[in-house]
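Remarks on the structure that follows.
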Amino acid sequence: MPAEVKIAPSLLAADFSRLGDQIRALEGSADWLHLDVMDGHFVPNISFGIPVIESLRPLTGLFFDCHVMTTNPGDYLAELAKAGVNLVSVHIEAVPDPTALEERVREQGLGFGLVLNPRTPFDAVAPFTERCDLLVVMSVEPGFGGQTLIPEVLPKVRQAREWVEVRGLPTDIQVDGGVTPANARHVVEAGATVLVAGSAVFGADDPPQAIEELRRAVRS
Ligand code: DX5
Ligand code: ZN
């Protein structure tokens, strides 16, 4: 089990009428903030966009992990960088050969991640893993928070972990969707180093305490 697991609350589950307070409350307990950007085309939902991210940036020093669920993820890289994101993850289903896109992301000074939908095999990202800081295994169909983790994706998490270990890659492995204190340990045992948690954190009465609960579950 990796020594250090990062917790990345997903803003999608926050109360949008008081985003500032909700984010400030995570300072000191969350590791990353996961920002789900959607276009209503690649996924059947629209969340929030660049002006929102930009307005949140001065409020926190948290690492901004931007999960881009759009058909053309290359279209807004400069704007995302300017808004203050630290890493951009794009779906391999949207960009089957992400080589050129990765170079453009690096030109913006950002980290780069590749995301796999639940039904996409690991082979789709295998040729590009050395270019990635992060591999994201979706454990729900992308587009909506509050869904239940699909356990059938865990072997893919294991496959990703073995792949990076055999090659000595420093790549983080993130699991996104339906992570709770009840399943976090299984997810980490499979090889995840970053847990995204939307509802489990922002749906709780006390989000920092919910983060601690996730950490305890992983350690137990
Ligand atoms: C789904 C998003 C997830 C989602 C996770 O498209 O990518 O990041 O917000 O939320 P929960 O933890 O509620 O499943
Ligand atoms: Zn996400």
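When a ligand or atom number is given, it counts from 1 through the structure's own listing order.
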Tell me which N, O or S atom from [X] is the closest to the Zn ion (ligand 2).
X: His67; result: ND1
X: Asp176; result: OD2
X: His34; result: NE2
X: Asp36; result: OD1

Ligand-residue contact atoms, ligand 1 with [X], heavy atoms, under 4.0 Å:
X: Gly177; value: 14 (O)
X: Ala197; value: 12 (O)
X: Val196; value: 8 (O)
X: Gly143; value: 1 (C), 6 (O)
X: Asp36; value: 2 (C), 3 (C), 4 (C), 7 (O), 8 (O), 9 (O)
X: Leu12; value: 9 (O)
X: His34; value: 8 (O)
X: Met69; value: 6 (O), 7 (O)

Legend entry - Any donor-acceptor N or O pair under 3.5 Å, side chains Asp176, Ser139: no
What I want to find out is whether [X] reaches [Y] closely enough, with some N-O distance under 4.0 Å, to be called a salt bridge.
X: Asp123; Y: Lys156; answer: no
X: Glu141; Y: Arg119; answer: yes
X: Arg18; Y: Asp15; answer: yes
X: Arg106; Y: Glu102; answer: yes

Legend entry - Residue of the set Ile92, Thr120, Val137 for which side chain to side chain contact (heavy atoms under 4.5 Å, CB included) holds with Val125: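 Single side chain to side chain contact (heavy atoms under 4.5 Å, CB included) partner of Val125 among Ile92, Thr120, Val137: Ile92.
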Legend entry - Partner of Trp32 under side chain to side chain contact (heavy atoms under 4.5 Å, CB included), chosen from Leu195, Ile7, Leu134: Leu134
Considering heavy atoms of the protein only, find what lies nearest to [atom] and give residue, atom and distance to 0.1 Å.
atom: atom 13 (O) of ligand 1; answer: Ser199 OG, 2.4 Å
atom: atom 1 (C) of ligand 1; answer: Phe144 O, 3.6 Å
atom: atom 9 (O) of ligand 1; answer: Ser10 OG, 2.8 Å
atom: atom 5 (C) of ligand 1; answer: Asp176 OD1, 3.6 Å

Backbone N or O of [Y] within a donor-acceptor pair of the [X] side chain at under 3.5 Å?
X: Thr180; Y: Ala200; answer: no
X: Arg167; Y: Glu130; answer: no
X: Asn45; Y: Gly143; answer: yes

Is the closest N or O pair between [X] and ligand 1 shorter than 3.5 Å?
X: Glu141; value: no
X: Gly178; value: yes
X: Ala13; value: no
X: Gly198; value: yes

Inset, instruction - Of all the heavy-atom pairs spanning Gly113 and Leu87, show the shortest one and how long it is. - result: N-CD2, 4.4 Å
Inset, instruction - For the pair Phe48 and Phe16, name the ring-plane relationship: parallel under 30°, tilted 30 to 60°, perpendicular over 60°. - result: perpendicular
Legend entry - Test item, Ala200 contacting ligand 1 (heavy atom, 4.0 angstrom): no
Inset, instruction - Test Arg131 against Glu103 for salt bridge (charged side-chain N to carboxylate O under 4.0 Å, His left out), laying out the working first. - result: CA-CA 9 Å; Arg131 296 180 167 272; Glu103 284 164 12; 3.8 Å; yes
